[in-house]
Protein chains: 2
Amino acid sequence: MGHATLETFGGVDLGEIDGMTVLQALSDPVRLEIVRQLAGCTGSTDMPCGQIEVPVTKSTASHHFKILYLAGVLAKREQGTSKYMRLRRDELDERFPGLLDSVLRATAV
Amino acid sequence: MGHATLETFGGVDLGEIDGMTVLQALSDPVRLEIVRQLAGCTGSTDMPCGQIEVPVTKSTASHHFKILYLAGVLAKREQGTSKYMRLRRDELDERFPGLLDSVLRATAV
DNA sequence: ATAGAAGTTCGATCTCTGTCAAATAAGACA
DNA sequence: TGTCTTATTTGACAGAGATCGAACTTCTAT
């Protein structure tokens, strides 16, 4: 059905996530690269998984997406065969103030 | 020789350390507990290794101290048979602004 | 000199996790 | 229906890292 897909983003409940989970999710070079590319998107823009360039195979990338999703770092939106990912900037910053920014700054290229 | 030991703290050059190293050093529950106990010390106070309580054996604790030291998180001072550890708060915050604080906040008990 | 205290290092497990290839699931489209 | 695209899942594997006990080093003290 060609229905609306009205911003139907799915994400885990950040209230249930503890800091160590997020910290460990962010402590991997590949995942950090994913986050960085999504952070590069303006505001609430999202990207299809396949459009994010990482130096691993598709299955490995999918594995990293799952970890980031379960850690509450990413939100998912499905459209057709693609799944669009979005960085949960604001929510993350409310729950863990300053964490994402300082991590991105510390590991900046 | 009973000489002065005038604040002879040893630590790696933080300029040579990259963010991922620090991030991974902080991404372990035991090490984070070490850091937290050292952060509890007022200002530049230090503690002997053995006085920091962690749920692992002495050798494992020593391993974690080494990782934290090599990541530039801790500085070491030797006195007698003891080795005093100090958290490099200010230096760390200058090199990686906000990182330590946000990590400690995010993983607070 | 002998013993004790504080840490480190070594060697051996054991678990975790990042990785890939192949198989699978689901949607789009001819 | 069949095929292509997109992404996930499964199974296997390898490397990294956390852990422990035992041996070793160094300083202190008796």
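In the text below, chain A, chain B and the rest are named by the order of the sequence lines, each starting its count at 1.
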| Around atom CG of B:Asp90, are there more than 12 heavy atoms of other residues, nucleotides or ligands at under 6.0 Å? | no
| query | Does B:Lys76 have a side-chain nitrogen or oxygen under 4.0 Å from the phosphate oxygens OP1 or OP2 of C:dG7? | reply | no
| said: I'd like to know if A:Phe65 and A:Tyr84 are part of one continuous hydrophobic network [Ile/Leu/Val/Met/Phe/Trp/Tyr, side-chain heavy atoms within less than 4.5 Å]. | reply: no
| request: Can you figure out which of C:dT8, C:dA28, C:dA5 approaches the side chain of A:Thr81 most closely? | output: C:dA28
Only pairs under 3.5 Å count here: list side-chain donor-acceptor contacts from residues 102-109 of chain A, not counting sequence neighbours, and write none if there are none.
from	atom 1	to	atom 2	distance (Å)
A:Ser102	OG	A:Gly98	O	2.8
A:Ser102	OG	A:Leu99	O	3.0
A:Ser102	OG	B:Ser102	OG	2.9
A:Thr107	OG1	A:Arg36	NH2	2.7
A:Thr107	OG1	A:Val103	O	2.8

| How does protein reach along nucleotides 17-23 of chain C, written 5' to 3' as B (base within reach of a heavy atom under 4.0 Å), S (only sugar-phosphate), or - (no contact)? | -SBBBB-
| task | Ignoring hydrogens and angles, tell me if any N or O in the side chain of B:Gln37 forms a donor-acceptor pair with the backbone of B:Glu53 under 3.5 Å. | result | yes
| query | Does any pair with a residue in residues 17-27 of chain B pass side-chain hydrogen bond (donor to acceptor under 3.5 Å, both in side chains), and if so which ones, sequence neighbours excluded? | reply | A:Ser27-B:Ser27, B:Asp18-B:Thr21
| query | Atom NZ of B:Lys66 and atom C1' of C:dT8: how far apart are they, to the nearest Å? | reply | 8 Å
| note | DNA chain D: first to last nucleotide in contact with chain B (atom under 4.0 angstrom from a heavy atom), 5' to 3', is D:dA18 to D:dT28
| message | Suppose we screen for side chain to side chain contact (heavy atoms under 4.5 Å, CB included). Which residues come up paired with A:Ile67, at least two apart in sequence or across chains? | response | A:Ala25, A:Arg31, A:His63
| query | Can you list the residues that meet the salt bridge (charged side-chain N to carboxylate O under 4.0 Å, His left out) rule with A:Asp28, with sequence neighbours excluded? | reply | none
| query | About how many Å separate CG of B:Leu38 and CG of B:Leu68, when rounded to the nearest 0.5 Å? | reply | 8.5 Å
| Atom CG of B:Leu74 and atom C1' of C:dG7: how far apart are they, to the nearest Å? | 15 Å
| remark: When rounded to whole Å, the CZ to C1' distance for the pair B:Phe65 and C:dT9 reads 16 Å
